[in-house]
Amino acid sequence: SYQPMTGWRIDGHSQGNQHPELLILAKWNDLETREQFIEDIEKAVPDFHERRRAIWSRFDLTYYEMPAATPLEVDNSQYHVITAYWTKKPASFEKYKKDWQKRVKASGGSFILELKDGTSPFGYYYQPDYLAMTSWASKAEFERFHAENAKTKAQGYYHINEFVIE
């Protein structure tokens, strides 16, 4: 039941130490079907993971369960940023995240997609605690937000990776 949704080339990185080149979104009817695919492909193609590594040296994968009617509409005239957070202090991160979301909105950004509670299969660990796609009217608008946001010190142990999609 695999269905590709969309994908983007990564056009730049504003924070973090991970530098992906592509972002690809796809969907399956349900998690059980997705997990069964891995079992089936490993039986049919025993070197499946080795073949995948020969094609992509990095393949971060996270599953998110989403309501069936989750819209994903991306206006290509806008400037889009993906932000991923990992934390070792979930309670303090919730406050930081809410403050960050307010700063995004106050600066003119809007949220296209927010994901949490993801799962990565064995061997593909990525699994940010929170991943958001934001949209900005222009690169300059985002850069103003980014400069102001960089002055805000996170209270806790957070890692952030932020990149721009074409």
Side-chain angles (χ1 to χ4, degrees), residues 3-28 34 52-67 70-166:
Q3 298 172 40
M5 292 174 60
T6 190
W8 297 276
R9 184 159 305 284
I10 305 301
D11 195 35
H13 303 85
S14 59
Q15 291 189 84
N17 60 359
Q18 298 176 6
H19 296 209
E21 296 177 9
L22 298 170
L23 172 68
I24 299 171
L25 300 178
K27 65 182 180 177
W28 294 76
R34 173 63 173 112
R52 192 267 314 144
R53 283 190 291 276
I55 297 169
W56 296 291
S57 62
R58 181 172 191 130
F59 193 87
D60 298 324
L61 178 62
T62 304
Y63 304 147
Y64 295 95
E65 201 160 347
M66 299 172 62
T70 303
L72 180 62
E73 295 180 22
V74 177
D75 179 349
N76 289 329
S77 70
Q78 300 276 307
Y79 189 77
H80 304 292
V81 177
I82 301 290
T83 306
Y85 281 102
W86 292 261
T87 181
K88 292 186 180 181
K89 293 189 175 183
S92 64
F93 177 69
E94 280 304 311
K95 179 182 179 337
Y96 175 81
K97 180 178 79 171
K98 287 178 184 174
D99 291 344
W100 178 79
Q101 291 167 326
K102 287 178 188 175
R103 288 190 301 275
V104 166
K105 291 176 185 173
S107 298
S110 60
F111 288 87
I112 296 174
L113 185 64
E114 293 180 88
L115 302 170
K116 64 180 186 164
D117 301 325
T119 302
S120 292
F122 179 76
Y124 295 86
Y125 188 78
Y126 180 65
Q127 207 164 319
D129 294 295
Y130 174 71
L131 186 133
M133 177 188 283
T134 54
S135 179
W136 304 83
S138 66
K139 181 178 181 177
E141 187 176 288
F142 168 72
E143 287 177 344
R144 278 191 297 278
F145 162 77
H146 182 67
E148 284 301 310
N149 191 58
K151 297 174 187 175
T152 305
K153 300 296 179 202
Q155 301 298 315
Y157 298 101
Y158 314 124
H159 168 76
I160 183 171
N161 199 58
E162 194 168 71
F163 50 94
V164 177
I165 60 175
E166 285 184 337

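Only heavy atoms go into these numbers, but all of them, side chains included; no hydrogens, no water, no symmetry mates. All figures in this text were calculated on a predicted structure; none of them were measured in a lab.
Interatomic distance, NZ of Lys89 versus OH of Tyr96, reported as 15.0 Å (0.5 Å rounding). For the atom pair OG of Ser135 and CG of Leu113, the computed distance is 12.0 Å after rounding to the nearest 0.5 Å. With values rounded to the nearest 0.5 angstrom, Leu25 atom CG is found 10.0 Å from Tyr64 atom OH. Put simply, CG on Leu23 and CG on Leu131 are 8.0 Å apart, with the number rounded to the nearest 0.5 Å. A distance of 12.5 Å separates NE2 of His146 from OG of Ser107, quoted to the nearest 0.5 Å. Between atom CD of residue Glu141 and atom CD of residue Gln78 there is a gap of 8.0 Å, rounded to the nearest 0.5 Å.
Summarising the geometry of Asp60 relative to Arg58, their closest heavy-atom pair is OD2-NE, 2.7 Å, with the distance given to 0.1 Å. For the pair Tyr79 and Ser138, the tightest heavy-atom approach, listed with the atom from each and the gap, is CB-C, 3.7 Å. Considering all non-hydrogen atoms of both residues, Ala84 and Tyr126 come closest at CB-OH, 3.9 Å. The minimum heavy-atom distance linking Trp86 with Pro128 is given by the pair NE1-CA, 3.3 Å.
Ser120 contributes a side-chain N or O that, together with a main-chain N or O of Gln127, makes up a donor-acceptor pair within less than 3.5 Å. Judged by distance alone, with hydrogens and angles left aside, the side-chain atoms of Asp129 form a donor-acceptor pair with the main-chain N or O of Thr87 at under 3.5 Å. Of the possible donor and acceptor atoms, one in the side chain of Arg52 sits under 3.5 Å from a partner among the backbone N and O of Trp56.
When side chains are defined from C-beta on, Leu72 does not count as touching Met66, because their heavy atoms never get closer than 4.5 Å. Two residues are said to be in side-chain contact when any heavy atoms from C-beta on lie closer than 4.5 Å; Glu94 and Lys97 meet this criterion. Within the 4.5 Å cutoff, side-chain heavy atoms of Phe111 are placed close to those of Gln101.
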- request: List the steps and the verdict of side chain to side chain contact (heavy atoms under 4.5 Å, CB included) for Arg53 and Phe59.
  value: CA-CA 8 Å; Arg53 283 190 291 276; Phe59 193 87; over 6 Å; no
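Counting heavy atoms of neighbouring residues, nucleotides and ligands inside a 6.0 Å radius, atom CD of Glu114 exceeds 12 of them. No more than 12 heavy atoms of other residues, nucleotides or ligands lie within 6.0 Å of CD in Glu73, so this atom counts as exposed by the packing criterion.
Checking Thr6 against Trp8 by side-chain atom types alone, no donor-acceptor pair falls below 3.5 Å.
Only one option out of Thr134, Ile112, Val104 pairs with Val81 in a side chain to side chain contact (heavy atoms under 4.5 Å, CB included); it is Thr134.
Aromatic pair Trp100/Tyr85: centroids less than 6.0 angstrom apart.
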